[in-house]
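Residue numbers start from 1 in every chain, and the chains themselves are labelled A, B, ... in the order their sequence lines are given, proteins ahead of strands.
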Number of protein chains: 2
Amino acid sequence: MRADRAAGTREVIMTSAERLFAEHGLSAVSSRQIGEAAGQGNVTAVSYHFGAKAGLVRAIMTKHGEEIEQIRQQHLADVGDSHDIRDWVGCLVRPVPEHLGSLGSPSWHARFAVQVMTDPMMRALVTDEALTRKHLRQTLDGLGRCLDALPARIRAERGDMARHLITHTCAERERALAEGTAPLHSSWEHTADALTDAIVGLLTAPVTSSRHTLDRTGP
Amino acid sequence: MRADRAAGTREVIMTSAERLFAEHGLSAVSSRQIGEAAGQGNVTAVSYHFGAKAGLVRAIMTKHGEEIEQIRQQHLADVGDSHDIRDWVGCLVRPVPEHLGSLGSPSWHARFAVQVMTDPMMRALVTDEALTRKHLRQTLDGLGRCLDALPARIRAERGDMARHLITHTCAERERALAEGTAPLHSSWEHTADALTDAIVGLLTAPVTSSRHTLDRTGP
DNA sequence: TCACGATTAAGTCAACCGATTGAATGAGGA
DNA sequence: TCCTCATTCAATCGGTTGACTTAATCGTGA
């Protein structure tokens, strides 16, 4: 039962921290504030359970990352060996808003994730870990197979763009939901659809060879 | 000459601050550090010239915003009353990487702008100001005219997506340039082309009416 | 039963923060 | 010339932070 108590405390700390981080940014929130918000009169709670702020951030991201991976596994099974890029984009996109929807309202994770991805220090920790996720890699492989006509460099660029789009669009939707300024019909399902449409359009857009490049190599 | 001295000091402070903010995030950098990095042995420099950190951030954003607006004015004149969406997207996109290119290397503004846009506090200050820019509004109007077939809500959503895409893609390109990990052919002109292609694709993507929505309103 | 060890609480410490104050500097106008 | 005042510098204040140390709490296994 000692383990239960510790696990409960870890859980409370992670929840409080996620909210505070989402509201104020990573470096604007001290370990003390987190411990206090988590009901731990102690100032060393975060340090004791997570080592430091970085460990806490990593733990939160890992927890959600695993849940998202689980949802993605379902979508992967549904997609099978489809050659329709829309299926694969859905496999990439939908697990995120679906997970956020499962958190109830208000949720904080999307905004928290943006803070993490934007922090010059934490950024590396998370992007590394994301690429170790098996189902995500399978999804990216399947996506790449639908885009083999695209030059590798363009494909990589647009992949990054899609990643940014998912992260920040979900965060803004979450913020709108929390502030009550979201349109009535706004829902996570709609967000998933809108993102899928947009990213399919983005990835399949024709590549125009630039006037600038031609000018520069010209006579 | 007193004005010159003050203007010079303001300039040095803004440059140092932009770099520090881009490297470490807004709330991770204290006014003291900025003053010190700007060669002002004094801890009061930022407070004296800009009131507080928010004033400093606003001053930096305004300075670059005006320069970007000036470039956009040129593009607006070139575009005229075109009905090609690609022209209007270029008018929206190109001023940003062109301005960043004019700053030389390494530049810090794109990464700084990301930090500002993701700070829960500063965010509002900047987005408000951006919408007061005349040429930006004209660009958005022209863009809207090319997309009148699109439902207003979808148009707004995709506009936000385009904004995120520009901001974060430029920041990542800037980071790659600074770290020397950028592909050889990488240049700001290429970034402008890649962004324009992607955003045109994103904005003109077909809207699929979702299965989810239909299910929910069904029998 | 009882000592052990994991967990939580409480207190301390130097370092740093933003803000304020007052003095030193030096260019510009009377 | 000499006063004025924008600018810079130096010192100080209360408050906060992260790291550290010590003590209290309380399941758990011997």
Regarding the side chain of B:Arg32, the nearest nucleotide among C:dT8, D:dT17, C:dG18 is C:dG18
Can you tell me the distance, in whole Å, between the CD atom of B:Gln40 and the P atom of D:dA10?
11 Å
d(NE2, B:His24; P, C:dC16) in whole Å:
15 Å
State whether the distance check finds a donor on one side and an acceptor on the other, under 3.5 Å, for side chain B:Thr44 versus base D:dA10.
yes
Report the C-alpha separation of A:Leu92 and A:Arg72 in whole Å, then their side-chain angles, then the decisive distance to 0.1 Å, and conclude whether the side-chain contact (heavy atoms from CB on, under 4.5 Å) test is met.
CA-CA 7 Å; A:Leu92 180 71; A:Arg72 202 185 320 270; 4.2 Å; yes
Heavy-atom closest contact (A:Gly201 atom, B:Ala205 atom, distance)
CA-CB, 3.7 Å
Let me spell it out: for each of A:Tyr48 and B:Gly51, pick the nucleotide of DNA chain C with the closest heavy atom. Which residue's pick is nearer the 5' end?
A:Tyr48
Side chain of B:Ser30: nearest nucleotide among C:dC17, D:dA19, D:dA6?
C:dC17
Are there more than 12 heavy atoms of other residues, nucleotides or ligands under 6.0 Å from atom CD of A:Glu129?
yes
Tell me the interatomic distance from B:Leu56, atom CG, to C:dA19, atom C1', rounded to whole angstroms.
17 Å
Length of the line joining B:Leu26:CG and C:dC17:P, which is rounded to integer Å
16 Å
Please test A:His64 against A:His99 for ring-ring contact (aromatic ring centres under 6.0 Å, His included), starting from the C-alpha separation and ending with a verdict.
CA-CA 8 Å; A:His64 289 278; A:His99 172 62; 5.1 Å; yes
A:Lys53 atom NZ is separated from D:dT16 atom P, nearest whole Å, by 16 Å
Per A:Asn42 side chain, nearest of listed nucleotides C:dT7, C:dG18, C:dA9
C:dA9
Could you state the CZ-C1' distance from B:Arg10 to D:dT8, rounded to the nearest angstrom?
16 Å
Would you indicate whether A:Glu36, at its atom CD, is surrounded by more than 12 heavy atoms from other residues, nucleotides or ligands within a distance under 6.0 Å?
no
Reckon A:Ser47 has a side-chain N or O less than 4.0 Å from the OP1 or OP2 of D:dA19?
no
Between C:dG18 (P) and B:Ile34 (CD1): distance, integer Å:
8 Å
Rounded to the Å, how far apart are A:Glu36 CD and C:dA10 C1'?
14 Å
As a test of reading the structure: which of C:dT7, C:dA19, D:dT17 is closest to the side chain of A:Gln33, going by heavy atoms?
D:dT17
Check the phosphate of D:dA6 against B:His49, side-chain N and O only, distance under 4.0 Å to OP1 or OP2. Yes or no?
no
